[in-house]
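Below you'll find the structure, written out as structure tokens, and then a few comments.
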Amino acid sequence: MTLTVVTWNVNSIRLRTEQLARLSAELRPDVICLQETKVTDALFPRDAMVALGYRHVAAHGMKGYNGVAVLSRLPIEAIGTPHWCGRQDCRHLVVTIAGIEIHCVYVPSGGDVPDPAANPKFAHKLQFLRELTDWYARTCDPARPLVLVGDLNVAPLESDVWSHRQLLKVVSHTPVEVEALGALAASLDWVDAVRHFVPAPQRLYTWWSYRAADWAKSDRGRRLDHVWVTPALKGRLIAARVVREARNWQPPSDHVPVAVTLAMPKTQVTSR
DNA sequence: ATGGTTGCACGGCAA
């Protein structure tokens, strides 16, 4: 028995139903965690997701911006929606599925100027990462089976960007963000499940700008989307995959899905 | 060095 969890920043779920059908058909994921759904819960296309086989849906969205959701073939046993930085902006959804707590996170992008004194968006991003770090360290236990996925909007490694040197002052790859993400990773000794299978220095990206004339030809990507597991689950990692070809699924999100498969004790996966 | 695109919602933002 296995559990495949996908994370995908869909950049509007209402424009990506066909692409989700393709993802569902090709990977047969058990759980799909979405970011940037850009829709209120009342308008969330729940019926379309159920039609794809995802009978269990948790949506946490708002009008126009942000928004996270989890689609599941297995029952969702609990739902939480933590909020950070004193805001109500729908960036974090926690569900429990098959006894595993899955955290779907959309970290603030951070704007253009990598200076928290000059750019409130960058200050928000750093504060968001710090509050998450403190919360995990304070309230969670690395011995518990947790999965953290999402668009973390930081490419931490040199091999996570097309040019380390040229992106050192570009938001997503600056040293202060990489340090903040490292602190978050240390909060529960999180294991980078994708790099577990595709170690550096092999280059790996999950996002390519819409602005490139030919995204694949220039290949100026960044690895912004991540799947982390607590040490309790490290021994159960079976596979990881970045669905690079989804960048061509029309019309595309600028992010592609990232999938991780875990081994499951037979007793934990039950009804559909 | 600059501008390049997309989505929401229909005018600028956010990314």
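Excluded from the calculations below are hydrogen atoms, water molecules and symmetry mates; all remaining heavy atoms, backbone and side chain alike, are included. Just so it is clear: chains get the letters A, B, ... in the order the sequence lines come, proteins before strands, and each one is counted from 1. Note that the structure is predicted; figures quoted are calculated from it, not measured.
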Show me the side-chain donor-acceptor pairs of residues 175-184 of chain A shorter than 3.5 Å, one per line, residues at least two apart or across chains.
residue : atom : partner : partner atom : Å
A/E177  : OE1  : A/K125  : NZ           : 2.6
A/E177  : OE1  : A/S172  : N            : 2.8
A/E177  : OE2  : A/S172  : N            : 3.0
A/E177  : OE2  : A/T174  : N            : 3.4
A/E177  : OE2  : A/T174  : OG1          : 2.5

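- In this structure, OG1 on A/T206 lies 12.5 Å from CH2 on A/W8, to the nearest 0.5 angstrom.
- Nucleic acid contact class of A/R14 (heavy atoms, under 4.0 Å, all strands): sugar-phosphate only.
- Taking atom CH2 of A/W208 as the reference point, atom C1' of B/dG4 lies 19 Å away to the nearest angstrom.
- For A/W249 and B/dT6, the CH2 to C1' distance is 19 Å, given to the nearest whole Å.
- When the C1' atom of B/dC8 is taken as reference, atom CG of A/N11 falls 10 Å away, rounded to whole Å.
- Distance A/D112 CG to B/dT2 P: 13 Å, rounded to the nearest Å.
- Atom CG of A/N248 and atom P of B/dT6 are 13 Å apart (whole Å).
- Annotation: B/dG3 and B/dG7 have their P atoms spaced 22 Å apart (nearest Å).
- Nucleotides B/dC10 and B/dA14 place their C1' atoms 16 Å apart, quoted to the nearest Å.
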Quick test: give all pairs of protein nitrogen or oxygen and nucleotides 12-15 of chain B nitrogen or oxygen below 3.5 Å, distance rounded to 0.1 Å.
residue : atom : partner : partner atom : Å
B/dA14  : OP2  : A/K121  : NZ           : 3.3
B/dA15  : N6   : A/R211  : NH2          : 2.6
B/dA15  : N1   : A/R211  : NH2          : 3.2

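- Toward the 5' end of DNA chain B, the nearer of the two residues A/I13 and A/S209, judged by each one's closest nucleotide, is A/S209.
- Counting Ile, Leu, Val, Met, Phe, Trp and Tyr side chains that sit under 4.5 Å apart, directly or through other members, A/Y210 stands alone, with no cluster partners.
- When the P atom is compared between B/dG12 and B/dA1, the two are found 31 Å apart, to the nearest whole Å.
- Under a 4.5 Å side-chain heavy-atom criterion applied to ILVMFWY residues, the cluster that includes A/L157 comprises that residue alone.
- Through direct or relayed side-chain contacts under 4.5 Å between Ile, Leu, Val, Met, Phe, Trp and Tyr, A/V113 connects to no other residue.
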Determine all donor-acceptor pairs shorter than 3.5 Å in which one atom belongs to a side chain in residues 144-154 of chain A; sequence neighbours excluded.
residue : atom : partner : partner atom : Å
A/R144  : NH2  : A/E101  : OE1          : 2.7
A/R144  : NH2  : A/E101  : OE2          : 3.3
A/D151  : OD1  : A/N153  : N            : 3.0
A/D151  : OD2  : A/N9    : ND2          : 2.9
A/N153  : ND2  : A/V107  : O            : 2.8

